[in-house]
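Basis for what follows: all heavy atoms, side chains included, without hydrogens, waters or symmetry-related copies. Chain letters run A, B, ... following the sequence lines, proteins first, then strands; residues in each count from 1.
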Amino acid sequence: MDINDSVEGAKFRTEVREFVAANLPADIKRKVDGGLRLEKDDYVRWQRVLFDKGWIAPGWPTEFGGTGWEPLQRHIFEEECALGSAPAVISFGVNMVAPVIIEFGNDAQKEKYLPRILSSEDWWCQGYSEPGSGSDLASLQCKAVRDGDDYIVTGQKTWTTLAQYADMIFCLVRTDNSGKKQQGISFLLIDMKSPGITVRPIRTFDGSAEINEVHLEDVRVPVENLVGEEHMGWTYAKFLLGHERVGIAQVARSKKQMQRLKMIANTELVDGEPLLSQPEFAAKIADVEIGLIALEMTELRILSDESAGKAPGPESSILKIRGTEIQQGITELLIEAIGYDAHPWVPAAAIDGRNEPPIGSDYAASIAPHYFNWRKASIYGGSNEIQKNIIAKMVLGL
Amino acid sequence: MDINDSVEGAKFRTEVREFVAANLPADIKRKVDGGLRLEKDDYVRWQRVLFDKGWIAPGWPTEFGGTGWEPLQRHIFEEECALGSAPAVISFGVNMVAPVIIEFGNDAQKEKYLPRILSSEDWWCQGYSEPGSGSDLASLQCKAVRDGDDYIVTGQKTWTTLAQYADMIFCLVRTDNSGKKQQGISFLLIDMKSPGITVRPIRTFDGSAEINEVHLEDVRVPVENLVGEEHMGWTYAKFLLGHERVGIAQVARSKKQMQRLKMIANTELVDGEPLLSQPEFAAKIADVEIGLIALEMTELRILSDESAGKAPGPESSILKIRGTEIQQGITELLIEAIGYDAHPWVPAAAIDGRNEPPIGSDYAASIAPHYFNWRKASIYGGSNEIQKNIIAKMVLGL
Amino acid sequence: MDLRLSQEQEMIRDGVTRFVRDDYEFATRRIGAVSDLGFREEVWQQFADLGWLGAALPEEYGGFGGSAIETMILMEAFGRGLVLEPYLWSVVLGGALLQQGATSAHKEQVLPEISSGKARIAFAFAEPGSRFNLAHIGMTAKKDGDGYRLNGNKTVVYYAASAEYLIGSARLGGAKTDREGIALFLLPSDAKGITRRDYATQDDQRASEIIFKDVQVDAAALFKCGDDALPVIENAIDVATAAICADAVGAMGALREMTLEYLKTRKQFGRAIGEFQVLQHRMAEMFILEEEARSMALRAALMLDAPAPARKKAVSAAKSLIARAGRQIGQEAVQMHGGMGMTHELSVGHYFKRLTMIGSMFGDGDFHRKRFAAL
Amino acid sequence: MDLRLSQEQEMIRDGVTRFVRDDYEFATRRIGAVSDLGFREEVWQQFADLGWLGAALPEEYGGFGGSAIETMILMEAFGRGLVLEPYLWSVVLGGALLQQGATSAHKEQVLPEISSGKARIAFAFAEPGSRFNLAHIGMTAKKDGDGYRLNGNKTVVYYAASAEYLIGSARLGGAKTDREGIALFLLPSDAKGITRRDYATQDDQRASEIIFKDVQVDAAALFKCGDDALPVIENAIDVATAAICADAVGAMGALREMTLEYLKTRKQFGRAIGEFQVLQHRMAEMFILEEEARSMALRAALMLDAPAPARKKAVSAAKSLIARAGRQIGQEAVQMHGGMGMTHELSVGHYFKRLTMIGSMFGDGDFHRKRFAAL
C-alpha cells in the first residue's frame with residue numbers, strides 16, 4: 001500500500017495543475033475565488049478549454065472522446081481543477097445524459113449528440129422531477145403518447161437546474177400506465193426549442209434563479225429521440241444514478257472552501273484575537289476538516305476498489321450524504337464567522353465588477369446567500385433521506 | 001407571573017431543607033454524595049423518616065395519607081430532598097402501584113396495602129416486561145387462569161428492578177387471548193413468597209445486579225388480589241404510565257450531579273490548569289447545564305398548568321426524553337473528565353467503608369460503572385423511541 | 001412561583017394572535033417588505049391604537065405599565081407572522097435605554113412619542129470589527145463648547161432610516177474596549193453630519209451603515225456616561241435579547257406547524273410522508289426544541305428584573321439554546337419540505353432566514369454560551 | 001496511491017479473521033478474562049507460531065519485516081474478537097519503542113524474544129495527574145555510580161504483571177512538563193524496588209499502578225535520552241494509537257453486525273424491529289461512521305512513516321474521529337438492543353466498554369482534535 005501519488009500520478013498532477021494555471025481565464029478564476037455568480041458563458045469558455053485539450057469527458061470510453069484515465073487519475077484531475085479555481089463542468093451533458101447514450105443509445109444518437117456535448121455546443125438539462133414526484137421519482141406523470149413517428153409529450157417537470165440555458169432536455173416520461181409505476185417509463189431526448197415548451201424560473205429563497213419549471217404541452221418529439229427501448233427508461237435512470245462516483249463527494253471543492261473559511265476566521269477578530277484562535281470555533285472547524293479527511297479517504301478506498309475492477313455499489317450514498325453534510329457544515333461556519341456582516345442583503349455584490357464598495361468585509365456579501373442556497377444540497381439529487389434508505393436496504397439488507 | 005418562590009413556597013422550602021439536614025442519617029448522605037451503593041436498609045430507613053413526618057406519599061389523596069400539596073410544592077419538596085442528598089423514594093410502591101389501588105382497587109385492597117406501603121413494610125416490584133415484550137408491552141404472555149377462588153399464574157417477567165428485595169409484585173397478566181392484544185390483560189397483586197416464584201438476578205454489563213427475571217410457575221393468587229375488573233388491566237397500566245409527572249425529569253438529581261461534575265472538572269488538571277477552564281470542556285458542560293435549565297423550566301410550565309387544573313398529557317414524554325439525555329450527558333462528561341482514572345475496575349470501591357486506598361482520585365471508581373449503568377435510562381420505563389412515537393402520535397397527530 | 005398569564009395578558013395575547021393570523025398573511029406582509037420604509041406606517045399606527053406600543057411602557061409616559069411578559073407575548077406573535085414593523089428596535093430596545101438611562105427630560109419628551117406611535121428610535125451600537133462586544137466602541141465624543149462632537153462609524157443599525165431619534169454609544173475616553181469612558185447620546189436622526197447607507201437585510205428587515213462626521217450635539221443630548229453607561233447598554237440589550245428570543249419562538253412555532261401540515265398532506269410512495277417514522281421522530285425532536293425555546297424565552301423575560309449577574313446568565317442561557325434550536329428547526333423545516341422548501345414563494349425559507357439572522361443578533365450561540373459559563 | 005492489500009497481507013487477514021471467528025468466541029474469551037494473567041498464555045504462543053508476533057517486526061530480529069498495514073490487519077481482527085492478549089502493548093508499542101529508540105544490544109536481546117513469544121514488554125508512561133501529556137514526567141532518574149536510581153509513580157500501566165520487561169520514562173533533569181531532560185529505561189519487571197498494584201480494567205484488560213522506589217539500574221538500561229527521548233515516545237505512542245484505531249474499527253464492525261442481526265430477528269409490534277425506518281436510518285448512520293473510522297485507521301497507518309507533523313496530524317485526526325464514532329456506535333448498539341443490550345451475558349455491553357476505554361487511550365477525542373488543529 002502507498003498513500004502517496006505514484007511517480008506517474010505525481011507527474012500527471014503537475015501537468016493538470018500547470019495546465020489549469022495557464023489556461024483558466026483570469027476573470028473566471030476571480031469569480032470562483034470570490035464566490036461570485038458565474039454566467040453561462042463562463043462555464044462554456046472553460047469547458048471549451050478542456051475540450052480543446054481533450055479533457056472534457058474523462059469518464060467516457062476513449063473511442064467517444066474519453067481520456068482512458070483510471071479512477072484515481074480522474075480523482076487527481078478533479079482535485080487539481082478545483083484547487084486551481086476552475087468552475088465545475090456542468091454535469092447534465094457530459095456526466096449524465098452522455099453515459100446513458102453511450103450505454104443504451106443507438107449509433108445515430110451517438111453520432112449526433114456526443115460531439116455536441118464534447119464541444120459544449122449543446123447545453124443539457126435534466127427532466128426527472130415533477131411537482132407530484134419528489135423523492136418518489138417513479139411516480140412521475142409526464143405523458144408521452146405515440147403518434148406516427150412522434151411522441152406527443154404533455155406534462156410538467158420541475159427543479160430543472162439551469163434550464164434557462166438549455167438546448168436539450170433528457171426526460172423521463174410515462175409511456176404506459178398499466179403496470180407497476182417503475183414500468184412504462186421511457187427516456188426521451190427533447191429539443192428545448194420545440195413548440196409547446198415553456199420554461200418558468202423558480203426563485204429560491206436565497207434570491208437566486210437557477211432552477212425552473214419546464215412545462216410541456218403537446219410537444220412533438222421524434223421517435224428517433226427515444227433512448228433504448230420504450231418503457232425501459234427506469235433501468236436507464238437507475239444506471240445513471242449509480243454510475244458516477246468520481247467527484248460526487250466534492251472533496252476538492254470543499255477543501256477549497258475550507259481554505260477560505262480558515263482565511264476568513266483568521267481575519268475576523270474577537271476582542272482583537274483572530275476568531276480562528278478561539279478554541280470553540282477552532283474545534284468546530286477541526287471537526288469539519290477531520291470529516292473531510294475521512295470523506296476523501298473513503299472516496300479513495302472506493303475508487304481504489306473500482307480501479308481493481310469492483311463494480312460501483314450503493315456505498316456511494318455515503319459520499320453523497322457526508323459530502324453534502326460537509327459542504328453545508330462549511331457554509332454554516334462561514335456565516336457564523338462573519339457575525340453581523342452576514343445581515344446585509346446586497347444582491348449586486350454577487351456580480352463581478354460591481355462599483356459599490358462592500359458593506360463590511362469584501363468577502364461577506366455572498367456568504368449568507370450561499371448558506372441559504374446550499375440547503376438544497378441535501379435535498380436535490382436524491383435527498384439524504386433517500387440515500388439512507390438505500391444504505392439500509394441495499395447495503396445492510398434491512 | 002413570578003418565577004420566584006411565593007412567601008409560603010420559600011417558607012416550605014426552608015422547612016424541607018432543614019428537615020432533611022436534621023433527619024437524613026449521615027451514613028446514607030455519605031453514600032449518596034460519594035456515588036456508593038445503597039442497600040435495602042438505607043432506602044427503608046430514609047423512607048421511614050419521611051413516613052414518620054407524614055411526607056412519604058405527597059401524591060396521594062390526603063384521606064389515604066397524602067400531604068395535599070400543590071404540584072409546585074411537591075416540586076420544591078423533591079428538589080430539596082435531592083439537593084440535601086436524600087436517596088430517592090423507591091417508586092414501585094408509593095408512586096406506581098398505590099395510585100392504581102387508590103383509583104381502581106376495592107376497599108379491602110386499600111386497607112390492606114396502602115398502610116404497609118406508607119410504612120415501607122412491603123417492598124414492591126413491577127411485573128410488566130417479559131422476554132418477548134419490551135417496547136411492545138401489550139404483547140405480554142404471562143398467563144392467569146381462573147381456578148376456583150384463585151388465579152393460577154404462569155409465565156416470566158423480566159427487567160424487574162430490585163425484585164430481590166420485594167415482598168410484593170404487581171403484575172400485568174393475560175386472562176384472555178381472544179381479542180386485541182390490549183384486551184384480556186388483568187392487573188394482579190402477587191405475594192413474592194408464593195410457591196412457584198423464583199427470582200434470578202440479571203447481571204448488567206456495568207457489573208451491578210439490580211434487575212432480575214421473575215419466573216412464575218403455577219403460582220396461586222387469590223382472586224381478591226385482582227385490581228379493578230378482569231381484562232381491564234391495560235387501562236390501569238396506561239393510567240399508571242401517564243400519571244406521574246412530578247420528578248420524572250429528575251431535575252434536582254441532575255443539578256446535584258452537575259455540581260459534582262463541576263467540582264471534579266475543577267480538580268482535574270490539564271497541564272496545570274483546571275479542566276473546567278478549558279474552553280472546549282467548559283462549552284460541553286454549559287450545553288448540558290443550559291439543557292437542564294430548559295428542562296426545569298419546561299417541567300415548571302407543565303406543573304403550573306397542572307396546578308391550574310389541566311390534566312396530565314403526553315407532553316410529559318418531553319421530560320422523560322430530555323431528562324434521560326441530560327442524565328446520560330452528565331455521566332459522559334464525568335467519564336471524560338477523569339481520563340485514565342476511569343480505566344481501573346474496582347468493584348469494592350462502590351461499598352461504603354472499604355479499606356483499600358482508591359486508585360487515582362477518590363471519586364474516580366464509581367464514574368465509569370455509573371456511565372455504563374445509566375445507558376439503561378433511555379431504554380427502561382418506555383424507551384426514548386417509544387416516547388418520540390407518543391409525541392408524534394398524541395401531540396402532533398402524525 | 002406563578003407562571004399563569006393575567007387576564008389582561010391573555011387579552012393581549014388573543015388580540016395580537018388574531019391580528020397576525022387575520023391581518024398579516026404572508027402575501028399582505030409582502031406589501032411592507034417591498035416598500036421604501038420596509039414596513040407599513042398604517043400598521044404601526046394600528047399598533048399604537050391597539051395599545052401595543054405602550055403595553056410595556058410606564059403609565060406616566062403614556063404606556064400601560066406592563067412587564068416583560070407583555071413584550072414576550074407581543075414578540076412571540078410578531079415572530080409567528082414575521083412582522084416587519086420595528087417594535088423590537090423602537091419600543092423594546094429604545095424604550096429600555098430611555099427608561100434605564102435617560103434624564104427625565106428625555107423620558108418626558110420621547111417616551112410618549114414612542115407609545116403613541118409619533119416617533120421611533122434606533123440604537124447604533126455595533127461598529128465595524130466590534131463583533132458582539134458592546135464595549136468595543138471606537139466612535140468618539142469630544143467636548144466642544146457646551147456640547148459634544150461625534151465622530152465614528154456604526155454598522156448594521158436596524159431601522160435607522162425610519163427612526164426620528166438615534167441613540168448612539170460613543171467614547172468620551174479610554175481605550176477601544178474599556179468598560180469605562182462610554183457615553184450614550186440621543187439625537188435627531190437627521191442631525192447634520194450623519195450619513196446613512198440604507199439596505200435591506202437577508203430577512204426583509206432594514207438596516208443602515210451610519211457615518212458620524214463632526215456631528216454637533218448639545219450637552220443635553222448626553223444621557224448617560226461614566227461607569228453607568230455600559231450597564232445601561234447591557235441591560236437594554238438583554239431586554240431586547242429576551243424579546244428576540246420570544247420572536248424566535250413564534251417563528252419556530254409557525255415553522256413547526258407548517259411543516260407538520262406539509263407532512264400530513266404531501267404524499268410520496270403512496271402515503272402522507274408524515275407516516276414515515278423517521279420524519280415523525282424528527283418532528284418530535286423539533287417539537288421538543290420549540291418547547292425548550294419557549295421555556296427559555298419565558299425564563300429570560302421573568303429574570304430581567306433580577307440582579308445583573310442572574311439576569312445576564314438567564315438571558316445568555318436562553319439565547320444560546322435558541323440560536324441552536326432555531327438553526328436546527330429551520331434546517332429541518334426546509335429539509336422536510338424538500339424542493340418546495342427552497343422556493344421563494346413559500347414562507348418556509350423566509351422563516352429560515354429570519355431564524356438565521358436572529359441566531360447572531362445581540363450575540364450568537366457561542367458568544368452567549370461563553371458569557372453564561374463565565375458568570 | 002495504491003490501497004490494495006498484498007497477497008501476503010490478504011493471507012494474514014484471512015488467517016486472523018478465521019482464528020477470531022472460530023477459536024475466540026465470546027465464551028472461550030471468558031476463560032482468559034477470568035484467569036490470573038487476564039489472557040491465555042497458549043494463545044500467545046499460538047500468535048508466535050502463526051508468525052503474528054513478528055509480522056511487523058524487522059527480519060533481522062526474527063520478524064517478517066511487515067509494515068503498519070500488517071499491524072492494522074491484526075488489530076482490526078483482534079478488536080472484532082475483543083482479544084485480550086497484549087499484542088498492542090508488547091509487540092506494537094514495545095516494539096516501536098525498541099526499534100526507534102533502543103541500542104543495538106537491546107534490540108538484539110529483546111526483539112527476538114518478543115517475536116518468538118518468549119517475553120513481553122510493558123511501557124509505563126502515564127503518571128498521576130499527567131492526563132495525556134507524555135512529557136508530564138515526575139519520575140526521576142538520578143545518576144548513581146555507573147547506573148541510575150529511579151524513583152516515582154506510574155499509573156494504569158497496561159499488562160505490566162504479565163511482562164518480563166518494563167520500559168519507563170523518567171526525568172534526568174528539567175521541570176515536570178519540559179520536553180527535554182527525559183530518558184527511557186529498559187529494565188526487568190521484577191527489579192528490586194518495584195511495587196505493583198494489579199487490577200482488571202473496565203474492559204477485562206489488566207493494568208497496574210507501579211511505584212518505583214530506589215530502583216537501581218545499570219548504565220546500559222538507559223536506552224534513549226536528551227532531546228531524542230520524547231520524539232521516540234511520541235512516535236511509538238502514535239504507532240500504538242494508529243493500531244488501537246484499527247482495534248476500535250474491528251469492535252465497531254462486530255457491534256454493527258450483531259446489532260444488524262438483532263434488528264433482523266427481534267420482533268416487536270408484529271414485525272422485525274429492523275423494519276422501523278427510524279432504526280434503519282440510525283443503522284445507516286452507524287455504518288457510515290464505521291466506514292469513516294475504517295478510512296481514518298487506514299490513513300493513520302499509512303502516514304506513520306511521514307515526517308512527524310504530518311504523522312501526528314493524521315494520527316490525531318483518526319483518533320479524534322474514532323473516539324467520537326466509537327462512542328456513538330457503542331451507545332446506539334446498546335440502545336437498539338434494548339434491555340438485552342444492558343446484560344452482562346450478551347457481548348454488546350463488553351464492546352461498548354471496550355470502545356469507551358479506547359476512547360480515552362493515548363488521548364481522548366478533544367485532546368487529539370486540539371493536537372490536530374494546532375499542527
Side-chain angles (χ1 to χ4, degrees), chain B residues 1-6 8-10 13 70-73 75-76 262 276-277 279 281-287 289-305 307-308 310 314-315 317-322 325 384-385 387-398, chain C residues 1-6 9 67-69 72 256-257 259-260 263-264 272-277 279-303 305-306 313-314 316-322 324-325 365-366 368-374:
Chain B
M1 283 204 192
D2 193 350
I3 196 167
N4 301 305
D5 286 339
S6 62
E8 312 82 62
R13 186 183 289 283
E70 288 286 292
L72 288 170
Q73 205 176 352
H75 177 78
I76 292 173
K262 284 186 178 174
L276 190 59
S277 70
F281 201 79
K284 289 197 273 194
I285 289 185
D287 275 338
E289 201 176 0
I290 290 169
L292 179 55
I293 291 171
L295 178 67
E296 179 174 36
M297 196 66 196
T298 304
E299 184 178 36
L300 289 172
R301 283 173 54 218
I302 293 178
L303 295 179
S304 189
D305 283 351
S307 288
K310 207 183 145 200
E315 296 84 1
S317 289
I318 297 179
L319 304 180
K320 171 64 168 40
I321 292 171
R322 281 296 195 260
E325 285 174 353
N384 285 11
E385 287 78 14
Q387 304 297 336
K388 286 194 182 168
N389 286 347
I390 290 173
I391 292 175
K393 286 188 173 46
M394 314 283 281
V395 184
L396 303 174
L398 288 172
Chain C
M1 159 91 49
D2 179 8
L3 301 181
R4 282 166 299 181
L5 296 183
S6 70
Q9 289 166 340
S67 68
I69 298 302
M72 181 192 78
R256 195 251 307 158
E257 277 173 26
T259 305
L260 193 52
L263 257 53
K264 287 177 182 173
I273 59 175
E275 291 179 36
F276 289 100
Q277 197 194 22
L279 301 188
Q280 291 181 352
H281 278 211
R282 282 161 62 177
M283 274 306 303
E285 181 64 27
M286 267 173 83
F287 172 74
I288 297 175
L289 286 169
E290 179 194 341
E291 286 303 317
E292 286 184 298
R294 183 165 285 114
S295 295
M296 291 305 256
L298 172 60
R299 189 169 175 276
L302 289 169
M303 295 289 282
D305 293 332
K313 210 168 161 91
S316 282
K319 186 72 200 324
S320 174
L321 183 137
I322 281 167
R324 184 172 54 75
D366 280 8
H368 280 287
R369 182 173 58 196
K370 200 164 188 156
R371 195 172 83 139
F372 168 85

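To the nearest 0.5 angstrom, Leu276(B) atom CG is 5.0 Å from Ile285(B) atom CD1. Separation of atoms NZ (Lys284(B)) and CZ (Arg369(C)) is listed at 10.5 Å; rounding is to 0.5 Å. Here the CE atom belonging to Met72(C) is positioned 9.0 Å from the CZ atom belonging to Arg294(C), to the nearest 0.5 angstrom. Here the CG-CG distance, from Leu72(B) to Asp2(C), works out to 8.5 Å after rounding to the nearest 0.5 Å. Taking CD1 from Ile302(B) and CE from Met297(B), the interatomic distance works out to 11.5 Å, rounded to the nearest 0.5 Å.
Every residue meeting the side-chain contact (heavy atoms from CB on, under 4.5 Å) condition with Lys370(C), not counting sequence neighbours, appears here in chain and number order: Gln278(A), Glu280(A).
Your options are Ile76(B), Ile321(B), Leu300(B), and the one with the most heavy-atom pairs under 4.5 Å with chain C is Leu300(B). Looking only at heavy-atom pairs under 4.5 Å with chain C, the residue among Ala392(B), Ala294(B), Ser317(B) that has the most is Ala294(B). Note on Ala318(C), Gly365(C), Ala373(C), Gly274(C): by heavy-atom pairs under 4.5 Å with chain B, the leading option is Gly274(C). Put simply, of Ala283(B), Ala286(B), Pro279(B), Ala10(B), the one with the most heavy-atom pairs under 4.5 Å next to chain C is Ala283(B). Top candidate by heavy-atom pairs under 4.5 Å with chain C, chosen from Ile391(B), Ile293(B), Ile390(B), Leu295(B), is Ile293(B).
Residue Glu257(C): no heavy atom, backbone or side chain, is found under 4.5 Å from chain B. Contacts between Gln387(B) and chain C at a heavy-atom distance below 4.5 Å are absent for every atom of the residue. In this structure, the portions of Leu3(C) lying under 4.5 Å from any heavy atom of chain B include both its backbone and its side chain. For Gln280(C), the parts sitting under 4.5 Å from any heavy atom of chain B are the backbone and the side chain alike. Heavy atoms of Leu289(C) lying under 4.5 Å from chain B belong to its backbone as well as its side chain. Only the side chain of Ser320(C) comes within contact range of chain B, judged by heavy atoms closer than 4.5 Å.
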**Request:** Evaluate the criterion side chain to side chain contact (heavy atoms under 4.5 Å, CB included) for residue pair Arg301(B) and Glu291(C); output intermediate values, then yes/no.
**Result:** CA-CA 10 Å; Arg301(B) 283 173 54 218; Glu291(C) 286 303 317; 2.8 Å; yes

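Ion pairing between Glu285(C) and Arg322(B) holds under the 4.0 Å rule for side-chain N and carboxylate O.
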